[in-house]
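Working notes, beginning with the structure itself.
The chains referred to below are lettered A, B, ... by the order of the sequence lines, with proteins before strands, and numbering in each begins at 1. In this text the structure is predicted, and so the values were computed from the model without any measurement. Any value given below was found using the heavy atoms of this structure, including those in side chains, with hydrogens, waters and symmetry copies removed.
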Amino acid sequence: MKIDRRSFLSLGIGVAAGTALSPLPWKLTDDLSIWTQNWPWTPVPEIGETSHVNSVCTLCPGGCGISVRKIEGRGVKIEGMTGHPVNQGGICALGLSGLQLLYGPTRIKTPLRRIGKRGEDRWEKISWEQAISEIAEKLDVLRTSGNSHTIAGIAGSRQGTVSQLFKRFLTAYGSPNFFHTPSCVDTYQLAFQYMNGVSGAPGFDLENADVILSFGSGLLDGWGSPVRMFKANTAWRKANAHVIQIEPRLSRTAAKADRWIAINPGTEAALALGVSHVLIKELLFDKEFVDSHTDGFESFVTSKGEMKKGFRQTVLENYSPETVARITGIDPSAIILLAREFAKAKAPLALCGKGQGIIPGSLAEAMAVHALNALVGSVNRKGGVFPMPETEIQVWHEVAMDSVAAVGINQTNLIGAPPNSPCGTNQIPAAILSGKGYPLNALFVLESNPLYTMADSKTVRDAFDKIPFLVSLSSFMDETARYADIVLPNHIYLERIEDAPAPTGFPKPVISLSKPVFKPQFNTKHAGDTLILLAKEMGGAVADAFPWDNFEACLEEVMGDKMKTLQEKGFWVDSDAAIPDWKAAFKTPSGKFQFSPAEATLGFVPVAIEGDSTFPLLLIPYETMRMAGGYIANPPFMTKTVEDTILKLNDSFIEINPKTAQSNQLSEGDFVVVQTSRGQARGRVHLEEGIMPGVIALPRGLGHTAYDGYIANKGINANQLIGPVQDPVSGLDAAWGIRAKLSKA
Amino acid sequence: MKQEHGGNGTRKYGMVIDLDLCTGCGSCMVACMAENNVPFREDETDKLKSITWMRVYKLTNGKPYPETDICYLPRPCQHCEGSHGHSPCVSVCPATATDYDSQTGIVSQIYTRCFGCRYCMAACPYHARYFNWYDPIWPEGMEKYLNPNVSPRMRGVVEKCSFCFHRYQAAKDKAYLDGQKEIEEDAYQTACTQACPAGAITFGDLDNPDHAVHKLKKQPGAFRLLERLGTNTKVYYVSSREWVRRAGDNYLKTEGPKKVV
Amino acid sequence: MDSALIPNGVRRCSLGKFLVPLAVVGAVLLWGVYAMLLCWFKGLNQTNMNDNYGFALWIWADLAVIALGGGAFFTGFLKYLIGKDELKHIINYAVLIGFICYSSALLILAIDIGQPLRGWFIFWHANVHSMLTEVAFCLSCYFMVLTIEYIPLILENRQIDKVPFFHHLSHNMHGTMAVFAATGAFLSFFHQGSLGGVAGVLFGRPFAYREGLFIWPWTFFLFTWSAAAYGPCFTLLVTRITEAVTGKKLVKDNVVELLAKISGWMMTTYIIAKIIDTLYWANVTAPSKGFNLIDFYSNNGFYGIWILVMEIILGGIVPAAILITDKGRKSPVVRTVAFVLAVIGVSVNRWVMVLQVMAVPVMPFDQWALYYPSWQEVATTILPVAYGIILIMISYRYLPIFPQEAELNPAE
Ligand SMILES: Nc1nc2c(c(=O)[nH]1)N[C@H]1C(S)=C(S)[C@@H](COP(=O)(O)OP(=O)(O)OC[C@H]3O[C@@H](n4cnc5c(=O)[nH]c(N)nc54)[C@H](O)[C@@H]3O)O[C@H]1N2
Ligand SMILES: Nc1nc2c(c(=O)[nH]1)N[C@H]1C(S)=C(S)[C@@H](COP(=O)(O)OP(=O)(O)OC[C@H]3O[C@@H](n4cnc5c(=O)[nH]c(N)nc54)[C@H](O)[C@@H]3O)O[C@H]1N2
Ligand code: SF4
Ligand code: SF4
Ligand code: SF4
Ligand code: SF4
Ligand code: SF4
Ligand SMILES: [Mo]
């Protein structure tokens with residue numbers, strides 16, 4: 001057949017029509033659409049049997065009970081555990097993000113030894129045996145050369161069995177240098193010691209208070225046990241309790257409070273004394289309590305025969321509303337009204353500890369606030385504050401020290417304080433750099449990230465550069481781990497057994513048990529086991545102090561008969577615990593509450609904030625529930641909840657009042673350099689009415705340089721801009737801010 | 001009274017969110033992301049491209065320091081009923097990829113049906129709908145936590161809050177197996193409700209007098225977002241503050257929200 | 001070289017002179033195709049659209065192009081149904097422009113949707129309540145009609161016409177064209193209208209929402225009306241441009257003036273209706289939802305009240321006034337100005353009704369959403385323009401588009 005143009009065209013049309021009528025194109029179209037519904041790169045989660053495992057969250061000191069939903073071996077969701085005494089089923093954003101930490105890319109998968117320069121992030125994988133023997137060898141050399149005291153440990157937690165085991169290791173080895181990250185509990189403990197004569201952390205019976213006067217505590221910003229506080233807040237709303245928040249910035253807590261009183265930062269103690277003044281002057285205080293259970297209210301003659309002014313006279317002479325108004329910037333009439341409202345309440349309660357309470361803070365302030373509570377009788381009663389009795393839980397047998405240890409442990413510690421004074425952590429960098437004491441030869445860091453969380457990051461790094469051997473027992477490639485010589489990766493909380501102690505401020509003795517909900521994902525080890533292995537490797541008396549096969553055996557011994565309850569219920573709570581009677585409550589020489597302790601005088605003692613007049617502004621770091629600011633860095637879910645007025649692309653926003661912005665010729669979103677005596681950083685400004693003119697603020701939790709692309713190099717690390725400031729009374733860190741200036745970038 | 005909900009087995013699930021209790025903590029947002037396999041990317045600071053089925057807005061009263069006030073407002077999909085189930089988004093979807101379920105009052109979203117025209121997003125005044133501009137990618141290992149009861153979405157489709165519909169299905173199945181006619185109030189609760197540490201969110205059948213929401217929605221100070229548009233939403237808000245209630249809708253100068261006594 | 005393909009009795013430039021601009025426009029087209037492929041393979045993250053601003057530049061182009069392509073159906077309607085026979089001298093070009101506009105519109109839709117391979121779900125799982133469903137059906141059907149209207153034109157090419165089959169086919173198709181024109185007009189009425197309905201039914205968006213008649217909001221009728229009114233202006237404008245580029249008169253003035261006059265009167269009635277609609281919306285609909293008119297026009301510069309002035313006065317009243325007056329219409333310069341203003345006017349209308357809708361916040365605590373297109377969007381939006389130019393160039397060169405060309409430009 002001859003193919004002419006006509007038959008060619010007909011054929012073409014025929015084929016086209018035939019194809020169109022055949023199922024082929026339709027099938028193809030359908031298959032293509034089905035393919036788009038099952039793209040191979042879109043994961044299909046496996047189904048399986050569902051189970052729930054209860055444990056406890058230790059991502060912050062909140063200690064919430066959690067229930068982990070599992071499908072076969074994998075975890076798909078973390079929820080709050082109903083019936084847990086602390087969080088009663090609630091959970092925070094960080095706790096909900098836990099699985100992102102478990103499975104996330106920043107986990108350290110195996111022991112590592114540094115091969116590049118420090119911080120360069122070049123590693124070789126080593127076995128656990130290698131790592132342990134290498135460290136033991138180094139330690140052995142130091143020990144035999146009489147330098148056992150020149151090693152130190154920084155723990156992320158003050159208590160808990162792992163922390164105690166860490167301290168025990170240092171003791172048996174012969175080092176007085178056990179430190180932990182500080183907190184406002186440190187300061188409260190001192191106030192209790194002086195005024196109650198009792199040691200112990202504060203228990204705040206907040207749920208039973210009806211007027212809550214918070215001197216800057218971030219009650220809804222992660223203070224104490226965050227979830228407990230949310231529950232308390234809801235209870236207050238329902239019971240018509242009144243919350244009054246005193247701080248220079250409209251924080252989440254201030255926004256939710258019934259009243260926000262803006263105060264000049266750093267003058268809270270003066271306000272507490274001013275309120276006391278009104279209470280005393282107007283005879284609104286609890287006379288019966290003051291008369292029968294307190295001492296030092298009236299002026300008295302000391303044993304040395306000197307006249308000492310009592311609380312009443314001190315306050316009446318020096319803290320009139322007018323005087324206090326000048327200091328705090330609050331109207332005298334507002335101070336008077338505040339005092340009257342506080343006095344009228346059935347169960348008034350005042351408290352302090354700025355933000356999440358991660359800085360010890362001013363002792364004078366803690367004492368002034370504690371005195372205010374005493375004045376209205378809210379000490380040691382329902383709805384009040386009391387020192388928590390020590391729960392005798394941990395039964396440790398004494399460390400039998402060999403001669404090396406006995407010598408080492410009796411040296412002063414790094415910062416020149418008595419052995420194991422834990423709270424001078426903030427002074428370590430200065431001590432190292434000053435070269436005054438002995439040099440530090442090795443530092444062990446357990447579940448903390450000082451290179452990021454400690455103030456004045458640059459100085460911290462300079463100090464660390466002087467330490468020849470740095471070991472991190474972190475689970476994550478954080479700033480400190482990345483700077484280490486050897487990393488011994490820890491199981492994360494979902495993979496290990498551990499006791500979680502009572503959270504800050506919780507008024508009942510409680511212990512929870514963290515359980516291995518999952519098999520370890522990687523070649524990691526429980527830090528407790530690592531310490532035991534290391535001790536055994538060292539041999540001799542050090543090994544003898546660690547007779548347990550593993551951490552679990554140690555924990556069982558330490559917890560004793562509580563272990564059974566912990567295993568069964570997941571927590572142990574001393575339901576018989578009662579508020580101590582007066583005799584147990586006050587163990588001062590007079591057996592009463594002491595308004596005028598010998599150790600420290602009540603009064604407004606300002607904490608000198610760093611920086612001179614060339615820095616016209618005040619920079620305050622703040623904490624927020626949408627960002628983890630401590631050892632744990634923000635998981636992706638949480639970062640996603642951060643507003644775009646806090647972080648945009650990789651730039652932090654510095655919060656500033658529009659008035660301040662105007663006088664600095666700045667407008668919304670402008671790029672600026674914020675500068676302090678400690679450092680500078682580039683960011684942008686966000687104008688916000690809710691901040692005092694002259695004050696600027698930065699959130700904690702940004703500006704990481706390690707971890708992964710989900711958190712690294714985003715925004716400013718506020719800690720790099722501030723420096724530690726010692727409280728003039730206690731010597732503890734009290735840096736609530738620093739002077740700063742802004743210039744257009 | 002029982003007839004209101006009982007007879008034909010239809011329910012009208014909804015929420016009452018107490019803005020006086022909400023602290024803006026973000027638990028609800030994260031609980032929702034974790035429950036519903038919401039994807040995330042390295043940079044999530046462009047909030048106009050960041051998928052958050054539950055989004056907590058920060059409202060301010062606009063007054064200068066120190067009269068400033070803030071209120072947090074959690075915004076899931078409002079599951080608008082419109083009139084007779086013609087919610088703004090459902091009525092416009094050309095492919096019936098989103099639907100109003102008359103049994104539950106829940107506005108569904110079928111990801112495999114949606115072809116990504118985004119008309120529904122234009123229709124929704126609450127910005128409750130999110131488009132998958134990117135392929136969802138979980139960093140290596142993290143796909144392990146994905147919940148098999150909620151399918152991960154693919155690039156190019158719209159997604160939104162489902163009132164955790166998979167939990168409804170599970171509760172319904174369980175009720176059936178247990179031989180129960182009714183789904184108990186606590187048998188079906190959304191992930192955000194469950195997580196909220198402040199107890200600010202209450203969820204249940206708005207028409208069922210035995211459910212807490214039935215009464216809570218009638219509280220003084222209760223209001224709905226953009227009530228005047230006729231979207232007929234099933235998420236109620238409660239606030240004791242007048243400026244907050246006013247921020248829930250648009251008013252001319254001479255008008256205002258109803259007064260609370 | 002290609003002289004065998006060129007219609008009888010007309011002159012065309014040399015092939016070389018033809019190919020150079022074709023190559024230039026072709027390069028632009030390729031750039032657009034590259035952007036289009038990026039959107040398909042990498043997804044719509046290549047655009048600057050976002051969750052608040054989910055329709056953007058090219059959707060506006062889509063709507064504008066459909067409105068402007070309305071010249072095809074309305075001219076067809078006038079010629080075949082009303083019997084304005086003079087318009088046969090411009091109907092070919094109107095059809096061609098319409099074909100370009102509608103094929104472009106469909107292409108844009110295929111790029112715009114997040115799941116192009118599932119685009120057909122709109123037909124398979126159709127929701128009868130959705131204006132977009134109506135749009136999809138009518139648009140596709142009308143595109144088929146336009147194709148049917150365009151085919152006989154292709155068949156009239158000198159070489160194709162030599163094949164008896166095509167010759168007869170073309171002849172017969174011409175014979176039945178009135179039926180298609182009627183179908184087209186009917187379909188156009190609906191899809192132009194349902195495009196208007198797309199925004200008008202959004203009762204969650206008080207800026208767009210217009211109450212209406214039965215299931216249709218007023219924008220339904222306004223869109224159809226405006227497409228009929230403004231579409232011919234675009235046909236005339238493109239004709240004028242083609243004349244300028246080719247340096248030839250292609251359509252006689254009486255034809256142009258007739259279409260311009262009809263367009264002018266359509267525009268006049270339309271703009272009156274539009275003003276009434278605007279007044280009702282501003283004074284009744286919007287306030288009932290708690291909005292003052294000015295709330296919709298922020299002070300962000302871009303979405304100022306100037307838009308309303310531009311659309312209604314500059315792009316509506318002025319060109320209408322020019323075209324309904326003899327003097328205005330008869331002056332080639334003045335009427336061209338009117339065409340330009342009209343095209344701008346209807347384009348602004350489409351922008352406002354679709355894009356400004358996205359920008360205006362509805363919740364009081366919400367923000368204005370602003371948007372600027374990414375280069376991929378710009379390229380993809382220019383793609384159909386390049387494609388249109390190429391199709392016009394080729395069609396003009398090889399097809400007898402302008403029946404009066406030979407008469408108006410006698411060969412020496
Ligand atoms: N919602 C919520 N609540 C949280 C968290 C959260 O992520 N979200 N984080 C929780 C976590 S992980 C923790 S650890 C706690 C905080 O509890 P902390 O136990 O106090 O721990 P860090 O935040 O690690 O560090 C303490 C802070 O003290 C200071 N600091 C530490 N060491 C030094 C030092 O040597 N010198 C000076 N000058 N300062 C020092 C630094 O400013 C640092 O920011 O808050 C918890 N609360
Ligand atoms: N497994 C694990 N545990 C962790 C973390 C982790 O990631 N994993 N995170 C850690 C981090 S980063 C931090 S900062 C810590 C902080 O954890 P902790 O230091 O444990 O918590 P704090 O809130 O500082 O203090 C909690 C309680 O300790 C008690 N307390 C304080 N001082 C004393 C005392 O002298 N004696 C007695 N008996 N009790 C006292 C009080 O009851 C107080 O309420 O949490 C840590 N806990
Ligand atoms: S408050 Fe702390 S302990 Fe509780 S869930 Fe959140 S991170 Fe975990
Ligand atoms: S979880 Fe509850 S308190 Fe927190 S933001 Fe959500 S609704 Fe508000
Ligand atoms: S809130 Fe938006 S997405 Fe949800 S039902 Fe209403 S219109 Fe639809
Ligand atoms: S984007 Fe999907 S759900 Fe939304 S209207 Fe289009 S097809 Fe329907
Ligand atoms: S109801 Fe479920 S899907 Fe909706 S916001 Fe809450 S958790 Fe997310
Ligand atoms: Mo921490």
### Query
Where along residues 95-108 of chain A does a heavy atom come under 4.5 Å of chain B, listed by residue number?
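Within residues 95-108 of chain A, the residues under 4.5 Å from chain B are A:Leu96, A:Ser97, A:Leu99, A:Gln100, A:Tyr103, A:Gly104, A:Pro105.
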### Task
Under 4.5 Å, heavy atom to heavy atom: which of residues 233-244 of chain A reach chain B? Give them by number, or say none.
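Within residues 233-244 of chain A, the residues under 4.5 Å from chain B are A:Asn233, A:Thr234, A:Arg237, A:Lys238.
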Winner by heavy-atom pair count (cut-off under 4.5 Å) against chain B, out of [options]:
{"options": "A:Pro45, A:Gly690, A:Ser33, A:Pro636", "result": "A:Pro45"}
{"options": "A:Lys659, A:Glu46, A:Arg69", "result": "A:Arg69"}
{"options": "A:Ile47, A:Asn87, A:Asp708, A:Ile91", "result": "A:Ile91"}
{"options": "A:Gly75, A:Gly80, A:Gly90, A:Gly48", "result": "A:Gly75"}
{"options": "A:Asn650, A:Thr82, A:Leu647, A:Val227", "result": "A:Leu647"}

Heavy-atom pairs under 4.5 Å with chain A: which of [options] has the most?
{"options": "B:Arg41, B:Lys47, B:Met29", "value": "B:Lys47"}
{"options": "B:Arg153, B:Glu35, B:Met154", "value": "B:Glu35"}
{"options": "B:Cys25, B:Gly62, B:Pro66", "value": "B:Cys25"}
{"options": "B:Ala34, B:Ala191, B:Cys71, B:Gly26", "value": "B:Ala34"}

### Task
Considering only heavy atoms, give the residues of residues 135-143 of chain B separated from chain A by less than 4.5 Å, sorted numerically, with 'none' for an empty result.
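B:Asp135, B:Pro136, B:Trp138, B:Pro139, B:Glu140, B:Gly141, B:Met142, B:Glu143 fall under the 4.5 Å cut-off.
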When you look at [atom1] of [X], are more than 12 heavy atoms from neighbouring residues, nucleotides or ligands closer to it than 6.0 Å?
{"X": "A:Glu668", "atom1": "CD", "answer": "yes"}
{"X": "B:Lys174", "atom1": "NZ", "answer": "no"}
{"X": "B:Lys215", "atom1": "NZ", "answer": "no"}
{"X": "A:Phe522", "atom1": "CZ", "answer": "yes"}
{"X": "B:Lys172", "atom1": "NZ", "answer": "no"}

In Å and rounded to the nearest 0.5 Å, what is the [atom1] to [atom2] distance from [X] to [Y]?
{"X": "A:Leu649", "Y": "B:Thr45", "atom1": "CG", "atom2": "OG1", "answer": "4.5 Å"}
{"X": "A:Ile691", "Y": "B:Thr68", "atom1": "CD1", "atom2": "OG1", "answer": "10.5 Å"}
{"X": "A:Leu250", "Y": "B:Asp69", "atom1": "CG", "atom2": "CG", "answer": "6.5 Å"}
{"X": "A:Arg74", "Y": "B:Tyr145", "atom1": "CZ", "atom2": "OH", "answer": "11.5 Å"}
{"X": "B:Thr52", "Y": "A:Lys640", "atom1": "OG1", "atom2": "NZ", "answer": "6.5 Å"}
{"X": "B:Phe40", "Y": "A:Thr639", "atom1": "CZ", "atom2": "OG1", "answer": "10.0 Å"}

### A:Ala93 backbone acceptor or donor facing B:Ser27 side chain under 3.5 Å
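Yes, because the side chain of B:Ser27 sits within donor-acceptor range (under 3.5 Å) of the backbone of A:Ala93.
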Part of [X] lying under 4.5 Å from any heavy atom of chain A:
{"X": "B:Val38", "value": "both"}
{"X": "B:Ser151", "value": "neither"}
{"X": "B:Leu19", "value": "backbone"}
{"X": "B:Asn37", "value": "side chain"}

If we only count heavy atoms from C-beta on, is the [X] to [Y] side-chain gap below 4.5 Å?
{"X": "A:Met229", "Y": "B:Thr23", "value": "no"}
{"X": "A:Ile71", "Y": "B:Pro148", "value": "yes"}
{"X": "B:Pro197", "Y": "A:Cys92", "value": "no"}
{"X": "B:Lys144", "Y": "A:Pro43", "value": "no"}
{"X": "A:Thr641", "Y": "B:Met33", "value": "yes"}
{"X": "A:Val76", "Y": "B:Leu146", "value": "no"}
{"X": "A:Asp644", "Y": "B:Asp46", "value": "no"}

Given that the side chain runs from C-beta out, which part of [X] has a heavy atom under 4.5 Å from chain B: side chain, backbone, both or neither?
{"X": "A:Thr645", "result": "neither"}
{"X": "A:Lys231", "result": "both"}
{"X": "A:Arg228", "result": "neither"}

Are any of the side-chain nitrogens in [X] or [Y] under 4.0 Å away from the carboxylate oxygens of its partner?
{"X": "B:Glu42", "Y": "A:Lys714", "answer": "no"}
{"X": "B:Lys63", "Y": "A:Glu689", "answer": "no"}
{"X": "A:Glu643", "Y": "B:Arg55", "answer": "no"}

### Query
Between B:Tyr72 and A:Arg252, is there a cation-pi geometry (under 6.0 Å to ring centre, at most 45° from the normal)?
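Relative to the ring axis of B:Tyr72, which defines the angle, A:Arg252 lies inside both limits.
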### Task
Could you list the residues that satisfy side-chain contact (heavy atoms from CB on, under 4.5 Å) with B:Asp186, not counting sequence neighbours?
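Scan of B:Asp186 (side-chain contact (heavy atoms from CB on, under 4.5 Å), adjacent residues dropped) gives B:Glu184.
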